[in-house]
Number of protein chains: 2
Amino acid sequence: MSRVKEKDTSTEERILEAARKVFTQKGYAATRTRDIAEEAGINLALLNYYYRSKEKLFELVMSEKVEQLFGMLLPVISDAATGLQTKLEKTAEVYIDNLIKHPDLPLFVLSEIRQNPHWISSKIPVAAIFRESSFVRQVKEKRPDLNPIHFLLNILGMCVFPFVTRPVFTGAGVIKEKDFKKVMEERKKLIPIWMKTMLET
Amino acid sequence: MSRVKEKDTSTEERILEAARKVFTQKGYAATRTRDIAEEAGINLALLNYYYRSKEKLFELVMSEKVEQLFGMLLPVISDAATGLQTKLEKTAEVYIDNLIKHPDLPLFVLSEIRQNPHWISSKIPVAAIFRESSFVRQVKEKRPDLNPIHFLLNILGMCVFPFVTRPVFTGAGVIKEKDFKKVMEERKKLIPIWMKTMLET
DNA sequence: GTCTATAGTAAGATAGAC
DNA sequence: GTCTATCTTACTATAGAC
């Protein structure tokens with residue numbers, strides 16, 4: 001089925017793939033449909049032929065990305081079969097591995113949600129899943145004195161924040177682009193250890 | 001000098017203040033000069049009369065905000081007169097107090113820098129200041145085995161990340177808007193304690 | 001300094017040929 | 001399905017009256 005030529009993907013898919021790239025890099029407001037068409041190597045009119053409008057195309061991409069970002073976390077913290085320490089290890093591993101491949105993802109999703117909070121409230125019942133997760137139960141057991149949200153903020157902050165600030169720190173020369181991946185690989189091991197000590201302090 | 005009327009501020013300043021508000025809320029690409037004019041309660045033409053163009057006005061605001069965000073951190077970590085633990089306490093205090101007042105600041109600056117890294121590279125010599133800071137020296141003393149950048153990422157992640165994700169977590173109902181400030185006040189005390197244990201693990 | 005009116009342009013979307 | 005050409009709108013910026 002797939003030709004040896006360069007394009008074994010359909011035009012429709014090529015446009016969507018281009019949209020993923022341009023939207024996540026520049027955000028909704030700053031991208032022009034012409035950018036996407038060019039990136040996809042097709043004409044502007046085809047974009048509207050397949051996806052009707054810029055907004056409709058964006059909604060497809062945004063839904064995917066929200067799903068992707070929260071889809072990493074929720075199964076891990078909800079898994080009743082694992083202990084707390086395993087959850088912390090898995091969370092660090094999943095986020096760091098995935099964000100090394102998709103470094104623009106968090107800043108993109110966070111920026112767009114800020115301007116349109118409906119994206120989060122309507123999509124996934126994050127609040128309910130979190131509150132009823134075994135993660136919350138397990139944290140409460142260990143630290144009944146503290147709001148469990150602190151530990152969610154801590155692990156996500158330590159894993160995700162470096163990706164959000166990467167353009168800043170590499171741009172400023174605080175971290176070299178080459179070293180960034182190495183630092184994050186180190187963190188994958190360190191964060192669960194640090195989290196453990198925090199839970200005991 | 002100041003009239004009892006509502007405007008003891010000049011038109012020029014009112015426009016700038018409106019620009020601060022709109023730009024930081026919506027980002028450069030999504031704000032229209034008409035939004036700023038309306039927010040300032042003046043006519044569109046006056047914006048160009050005082051500030052020449054949208055871009056020039058933006059540059060003023062952006063410079064301020066970059067300065068503001070890094071200006072909180074750099075003096076604290078560079079202060080040769082304080083110990084490491086004091087630096088951690090001060091950092092948490094300064095960031096959390098200031099970001100409670102300006103919650104949009106970090107996401108705004110991070111988003112705009114992503115799309116225009118020149119903003120960071122040209123402004124402040126962050127890398128040099130960081131490398132030569134007494135913070136780095138003190139961390140290296142305690143933990144010669146680890147890259148000091150880890151601890152900068154940790155404290156900033158724990159302090160700043162909650163503000164970056166606030167729209168997500170409040171939008172999703174994970175944290176109630178009312179509780180957010182309380183949680184951050186708790187963190188102001190907890191983060192230095194947690195950081196201390198991390199440095200010893 | 002401040003306004004109204006408008007010029008100029010850029011961007012999203014569509015018509016219609018092939 | 002894919003293209004070129006064009007319509008329409010929305011936005012930045014300016015000209016000119018007061």
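Order of the sequence lines sets the chain letters (A, B, ...), proteins ahead of strands, with each chain counted from 1.
- Each of A:R34 and A:Y50 was assigned the nucleotide of DNA chain D with the nearest heavy atom; the assignment lying further toward the 5' end belongs to A:Y50.
- Annotation: A:K21, atom NZ; neighbour count of heavy atoms from other residues, nucleotides and ligands within 6.0 Å does not exceed 12.
- For B:N48, the side-chain atoms get nearest to D:dT14 when compared with the rest of D:dG1, D:dT14, C:dC3.
- The nearest whole Å value for the distance from the CZ atom in B:R14 to the P atom in C:dG1 is 14 Å.
- Counting heavy atoms of neighbouring residues, nucleotides and ligands inside a 6.0 Å radius, atom CD of A:E38 does not exceed 12 of them.
- Among the atoms of the strands shown, only primed sugar atoms or phosphate atoms (P, OP1, OP2) are found under 4.0 Å from some heavy atom of B:T31.
- A:Y49 places its OH atom 8 Å from the P atom of D:dT2, with the value rounded to the nearest Å.
- Put simply, CG on A:N43 is 5 Å from P on D:dT4, counting in whole angstrom units.
- Rounded to whole Å, the distance from CG on B:L46 to C1' on C:dT4 is 12 Å.
- Straight-line distance from the CZ atom of A:R32 to the P atom of C:dA11: 4 Å, rounded to whole Å.
- OP1 and OP2 of D:dA13 both lie 4.0 Å or more from every side-chain N or O belonging to B:T33.
- Aromatic ring orientation, A:F23 versus A:Y28: parallel (interplanar angle below 30°, classes split at 30° and 60°).
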*Could you go through the ring-ring contact (aromatic ring centres under 6.0 Å, His included) check for A:F180 and A:F163 one step at a time?*
CA-CA 9 Å; A:F180 185 82; A:F163 291 95; 5.4 Å; yes
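- Checking D:dT2, C:dT4, D:dA13 against every side-chain atom of B:L44, the shortest atom distance belongs to D:dA13.
- Here A:F70 pairs with nothing under the ring-ring contact (aromatic ring centres under 6.0 Å, His included) rule; sequence neighbours left out.
- Atom C1' of nucleotide D:dC11 and atom CD1 of B:I36 are separated by 13 Å, given to the nearest angstrom.
- Rounded to whole Å, the distance from CD1 on B:I15 to P on C:dG1 is 11 Å.
- Taking every heavy atom of residues 51-64 of chain B and every atom of DNA chain D, pairs under 4.0 Å involve B:R52, B:S53, B:K54, by number.
- Listed by first and then second residue, the salt bridge (Lys or Arg N to Asp or Glu O under 4.0 Å) pairs involving residues 64-93 of chain A are A:R20-A:E64 (not counting sequence neighbours).
- As a whole-Å value, the separation of A:L47 CG from D:dT2 P is 13 Å.
- Panel note: side chain B:K188, backbone B:D97; no donor-acceptor pair is recorded below 3.5 Å.
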